[in-house]
Amino acid sequence: MQLEFEIKGMDFARAGEAAAKIKKALQMVGMEVETIRKTLVVAYEAELNVVIHAYAGTLTAKISPDAVEIKVMDEGPGIADIELAMQEGYSTAPSNIREMGFGAGMGLPNIERCSDQMELTSEVNQGTLLTAIIFNRTSGEK
Amino acid sequence: MQKYFHSVRLDEDKCKGCTNCVKRCPTEAIRVREGRALIIEERCIDCGECIKICPNRAKLATTDGLEQLQNFHYTIALPAPSLYAQFEPNTSPEQILGALLNIGFDDIFEVALGAEAVSLALRDYLSRDHPRPMISSACPAVLRLMQVRFPGLLQHIVPIETPMEISAGLAREKARQQHGFSDNQIGVFFITPCPAKVTAIKQPFGEKSYVDGAISMSVIYGELLHSLDSPSTKQLPLLSGARGVGWGKAGGENHAIRCHSHLAVDGIHSIINVLEEIERGGLSDIDYLEAQACTGGCIGGPLAPQNLFVARVRMDNLVKKLSLQPDRPKSLSTDPEFLRLNKPILPRPALKLDQDINRAIEMLEEVEKITEDLPGLDCGSCGSPNCRALAEDIVRGYADTSFCIFKLRQRLQILAREIVDLSHKQPPAMGREREKELKEGDA
Ligand code: SF4
Ligand code: SF4
């Protein structure tokens, strides 16, 4: 099962919509509370990254009984130094966006923390592809 | 699954099936079927939004009546702090407490006192290590909202009992010690501004409730007004101060805690926005979130008789007046064990499509497909809150595509076209007639 969303750069008013819809879908499917929480953070941060840094992007959520895969493909400036981008607090967001309270350089580290597998590839002046997988681990209480 | 108790229910005779409540319900718990609103039990959080919005006064709250007092030897009224704001400015809380005795209670115990104990416990709790922000446990509608829509945030709820329960426990203890009554001889009644509290009593979050019943503020209001004028009504001292009484309105909790960084949000739809933010990892710079489902806090509760804005002025003035008095030393139990919520609050997965996850995923796919095919106008004529909800209902087997008037019209059009087509068809035996007709038509 797959859900797909188009995201536009600089569209802050709608940032978070895809994440919210994915959350509801996961609740309807009956995913574990923890899986839903992590997926929500991953999807939201990824969505926000596109809004802040790229021109446009597509976010897909692939839902299966034992995992959720979030894939985000964007057209944008790309990331020159991925290792640097993964560091907490490192950000290339311009100051006007930081003033809005976004772009604090926690997006990618948060995504990494909340996903079980993560892959990031990027080409400068082309775009970025992010894949994050969150396993649906059954917790004790049902 | 165990059936839920609900305070909020429908007066079928008054309901016109207008879908106002369907659109307003924060958990999409209402549908209109056969011209009447129907509440999906496991989703309803008893917030009373539908009571407030219903233009036909068809949504009601089940509460207890004063006649219930007869079932007990000794009865205690627990006035919610919001009660004081329902009366004229020259009616003091002391008079209101006296009037409660006059209408038949043997004693009263101010919930504001419990609120003071909780405030101190909160202050202590917040200075320890905890996930941020912690969320208030005081409004049961908010807790139920979280069970249904924000299960991932349940660990953020402060594990402290509500002022109502604390007060009820203390009131019982007092009656036992002073008069030697046994537990089942004592009847404790909360004077409630809301249906959510009624549900919290009949179906408590903790092991059990110390409260025996809930009497609607608007039901008791007339009686109180009446007895305020009666010469037999004596004044009782108000034991609580500004801090406790202030809990009756939005912002009061935070004011009572005083230290730490906090945020107060009121109105269920605003709360949803803030909880969404917390869920995405935001607001971790806040220690405590005070959240009240009703706009304005409990003074805006669906069962509070006075207009919210009028009540707010009165509450503000009362709190101001009380805050000029020196804090009285409290002899309340602040034993942390007594104040603790004794059971974890667990999720209520009311949105799940199916117990089997594979089946649920198939159903979700189906929901997506149907949603795609619906007009997306969210008109509500089908009796569901929006097109997507109708798609869910169809997949769950509660509705049919033909509930959508646009879909129905489409089908009628197709049918009509088929009928026209069919009407042109001639049986072979009549072929010559048809030929003649056509020729004449040419001419
Ligand atoms: S009380 Fe609240 S949750 Fe329940 S049906 Fe009414 S609006 Fe919906
Ligand atoms: S804010 Fe107060 S009156 Fe309104 S639902 Fe919550 S507890 Fe009840």
Side-chain angles (χ1 to χ4, degrees), chain A residues 1-5 13 15-49 60-68 100-102 104 106-107 109-114 134 136-142, chain B residues 1 26-28 42-43 131 146-156 272-285 343-369 371-372 385-386 388-389 391-393 395-396:
Chain A
M1 151 102 231
Q2 192 159 305
L3 299 169
E4 204 173 299
F5 306 89
E17 270 182 22
K21 285 185 181 150
I22 293 169
K23 173 199 161 184
K24 176 140 191 243
L26 297 183
Q27 278 187 303
M28 286 170 62
V29 165
M31 288 281 190
E32 295 297 321
V33 170
E34 211 27 36
T35 313
I36 300 176
R37 189 187 68 79
K38 288 183 187 162
T39 308
L40 181 69
V41 173
V42 170
Y44 178 67
E45 295 287 3
E47 203 181 343
L48 213 55
N49 273 345
T60 50
K62 208 193 276 168
I63 305 170
S64 61
D66 24 66
V68 190
M100 286 167 73
F102 298 108
M106 292 304 292
N110 272 344
I111 292 175
E112 190 177 37
R113 189 149 16 106
C114 287
I134 300 101
N136 187 34
R137 292 198 185 84
T138 27
S139 58
E141 280 173 292
K142 263 260 159 150
Chain B
M1 200 186 278
T27 54
E28 295 189 342
E42 55 267 36
R43 287 201 192 178
M146 290 171 66
Q147 288 183 299
V148 175
R149 284 190 56 177
F150 300 92
L153 294 181
L154 290 170
Q155 71 212 39
H156 286 250
I272 290 172
N273 288 341
V274 171
L275 293 180
E276 279 176 349
E277 177 67 28
I278 297 173
E279 218 175 22
R280 297 183 209 119
L283 289 180
S284 56
D285 51 330
K343 236 168 70 178
I345 299 176
L346 298 176
R348 211 160 107 180
L351 306 180
K352 232 190 218 184
L353 286 164
D354 198 90
Q355 288 309 322
D356 174 45
I357 191 159
N358 285 301
R359 175 85 192 102
I361 291 178
E362 277 169 32
M363 287 169 82
L364 181 64
E365 246 162 5
E366 197 60 33
V367 170
E368 292 296 326
K369 241 187 265 151
T371 310
E372 193 91 332
N386 49 58
R388 202 195 148 82
E392 281 175 43
D393 290 347
V395 171
R396 287 180 206 264

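Order of the sequence lines sets the chain letters (A, B, ...), proteins ahead of strands, with each chain counted from 1.
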Q: Going by side-chain hydrogen bond (donor to acceptor under 3.5 Å, both in side chains), name the residues that satisfy it together with Asp354(B), two or more places apart in sequence or in a different chain.
A: none
Q: Using heavy-atom distances under 4.5 Å, tell me whether Pro151(B) contacts chain A through its side chain, its backbone, both, or neither.
A: both
Q: Select one option (side chain, backbone, both, neither) describing which atoms of Asn110(A) are under 4.5 Å from chain B's heavy atoms.
A: neither
Q: Looking at Val41(A), Leu40(A), Val42(A), which one has more heavy-atom pairs under 4.5 Å with chain B than the rest?
A: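 That would be Leu40(A).
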Q: For Glu392(B), which atoms come within 4.5 Å of any heavy atom of chain A: side chain, backbone, both, or neither?
A: side chain
Q: Grab the two heavy atoms, one from Pro65(A) and one from Asn358(B), that are nearest each other, plus how far apart they are.
A: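 In this case the closest contact between Pro65(A) and Asn358(B) is CG-OD1, 2.9 Å.
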Q: Which residues in residues 19-28 of chain A have any heavy atom lying under 4.5 Å from a heavy atom of chain B?
A: Lys23(A), Lys24(A), Ala25(A), Gln27(A), Met28(A)
Q: Using non-hydrogen atoms and a 4.5 Å limit, figure out which bit of Arg388(B) sits close to chain A: side chain, backbone, both or neither.
A: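 It is the side chain, since no backbone atom gets that close.
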Q: Would you mind checking which part of Val148(B) comes under 4.5 Å of any heavy atom in chain A, side chain (CB onward), backbone (N, CA, C, O), both or neither?
A: backbone
Q: With the side chain counted from C-beta on, respond yes when Ile357(B) and Val29(A) share a heavy-atom pair under 4.5 Å apart, and no when they do not.
A: yes
Q: Is it the side chain or the backbone of Glu365(B) that comes within 4.5 Å of chain A heavy atoms, both, or neither?
A: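 Both the backbone and the side chain of Glu365(B) come within 4.5 Å of chain A.
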Q: What's the spacing between Met1(A) CE and Leu364(B) CG if we round to 0.5 Å?
A: 4.0 Å
